[in-house]
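Below is one structure; the comments refer to it alone.
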Amino acid sequence: MNGFPWSAFVPNLVWAAAAAFAVMLVTFAVAVRAGVHRIVDVAWGIGFTAVAGVTFAVSTGEGDLVRRLLVTSLTAVWGLRLAVHIGRRGRGHGEDPRYEAMLAKAPGSRNAYALRMVYLLQGALVWLVSLPVQAAQYVPGPLSALAWAGTALWAVGIGFEAVGDAQLARFRADPANRGRIMDRGLWAWTRHPNYFGDFCVWWGLFLLACDSPGAALVSVVSPVVMSLLLTRGSGKRLLERHMADRPGYAEYRARTSGFFPRPPRSRGPGQA
């Protein structure tokens, strides 16, 4: 297998950054006009899709066409599904409490503070986390067994996200479940099937870049950063802090895995 084409890949980093920040700046303009910054959550998946599409265009003549099509498609399916899901979930709601609390501390203009601390930061994270999506499209040679394993891991991840989100939406739509903790389906096996799904998606996309040592080296930071965000950053940790005082949550936490799926522990005496 030939070496990794660094001279072609490095300019792509600039194009990818331009795509990520363009999505965030357009979203910022829409959010300011609407007066609601929660719209940025929809742009997260769209940003990755834009980076994948721009990289596919810029990498023409480089890498393996099947790998380029596969990586671009997998990223777009993940990103657009997430964007549609978040958009539907937030429709008709006001500002997200997370952003309201953050912007309440803004020293000066709330919008300028949001631009710096939310939009530009998320644009930088999209660029960083998307490194496997970018690097994989420059990997020469056909897909190996490792790359197909990455595709399978991606499929597990997108399955956990889509099924978990659908189960939670149905649970919340039933008025009888108001005030109750969702502990059914995938949510009985892990308290965060959507975050575990994201974890699998990004380690899977990383494996698609691993047929080239150079591509693997430059992109391993992506799944590591995403794993930390999901488990210790803005994902699991913040959500569990918010849920801690909900009736029944302590019992749910005691019997259900915090991240990696496993069968639930038996309910203790007196637990419903």
Side-chain angles (χ1 to χ4, degrees), residues 13-55 75-76 78-134 161 165 168 192 194-199 201-202 205 219 221-244:
L13 295 172
V14 178
W15 285 105
F21 285 114
V23 169
M24 291 300 164
L25 290 175
V26 169
T27 305
F28 173 72
V30 173
V32 170
R33 184 176 180 83
V36 180
H37 287 291
R38 72 183 305 152
I39 296 172
V40 71
D41 292 341
V42 177
W44 178 251
I46 295 174
F48 286 103
T49 303
V51 168
V54 166
T55 298
T75 306
W78 172 82
L80 295 178
R81 189 213 73 86
L82 183 63
V84 170
H85 169 69
I86 292 176
R88 286 176 175 170
R89 187 180 65 188
R91 185 183 304 158
H93 293 278
E95 186 61 275
D96 189 301
R98 295 172 302 161
Y99 297 129
E100 189 62 51
M102 175 188 294
L103 297 177
K105 304 173 184 176
S109 169
R110 287 166 59 99
N111 286 333
Y113 188 71
L115 176 63
R116 296 194 308 271
M117 301 303 297
V118 178
Y119 295 86
L120 296 183
L121 179 59
Q122 289 208 23
L125 281 173
V126 167
W127 176 84
L128 180 68
V129 173
S130 69
L131 284 174
V133 175
Q134 301 176 55
E161 288 192 57
D165 286 340
L168 182 60
H192 304 283
N194 47 352
Y195 294 156
F196 172 73
D198 255 2
F199 173 89
V201 162
W202 285 100
L205 290 172
S219 59
V221 65
S222 162
V224 171
V225 167
M226 182 60 86
S227 298
L228 291 173
L229 287 173
L230 292 169
T231 59
R232 300 182 182 277
S234 59
K236 175 179 178 290
R237 182 177 62 86
L238 287 182
L239 180 58
E240 296 209 340
R241 182 185 299 171
H242 174 71
M243 296 286 291

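- With a 4.5 Å cut-off on side-chain heavy atoms, I39 and Y99 do not count as touching.
- Taking 4.0 Å as the cut-off between side-chain N and carboxylate O, D165 and R81 count as a salt-bridged pair.
- How far CE of M117 is from NE2 of H37: 13.5 Å, rounded to the nearest 0.5 Å.
- Looking only at side-chain heavy atoms (C-beta outward), Q122 and D41 come within less than 4.5 Å of each other.
- In this structure the side chain of T75 reaches within 4.5 angstrom of the side chain of L205, judged on heavy atoms.
- Shortest non-hydrogen contact noted between V51 and A16 is CG2-O, 3.6 Å.
- At least one side-chain heavy atom of L25 sits less than 4.5 Å from a side-chain heavy atom of L115.
- Between M24 and V40 there is a side-chain heavy-atom pair separated by less than 4.5 Å.
- Remark: F21 CZ to L120 CG distance equals 6.0 Å, nearest 0.5 Å.
- Residues V23 and A50 approach most closely at CG2-CB, 3.8 Å, considering heavy atoms.
- Looking at V118 and F28, their side chains never come closer than 4.5 Å, going by heavy atoms from C-beta outward.
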Sequence neighbours left out, cut at 3.5 Å: what donor-acceptor pairs do the side chains of residues 124-131 make with other protein atoms?
from : atom 1 : to   : atom 2 : distance (Å)
W127 : NE1    : L13  : O      : 2.9
S130 : OG     : V126 : O      : 2.8
S130 : OG     : W127 : O      : 3.0
S130 : OG     : Q134 : NE2    : 3.0

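- Within the 4.5 Å cutoff, side-chain heavy atoms of W78 are placed close to those of D198.
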Test log, rule side-chain contact (heavy atoms from CB on, under 4.5 Å), inputs V224 and W202:
CA-CA 9 Å; V224 171; W202 285 100; over 6 Å; no

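- Of all non-hydrogen atoms in W44 and L82, the two that sit nearest each other are CD1-CD2, 3.7 Å.
- Residues satisfying the salt bridge (charged side-chain N to carboxylate O under 4.0 Å, His left out) test with R110, not counting sequence neighbours, are E100.
- Between M102 and Y113, the shortest heavy-atom distance links the atoms O-CE2, 3.6 Å.
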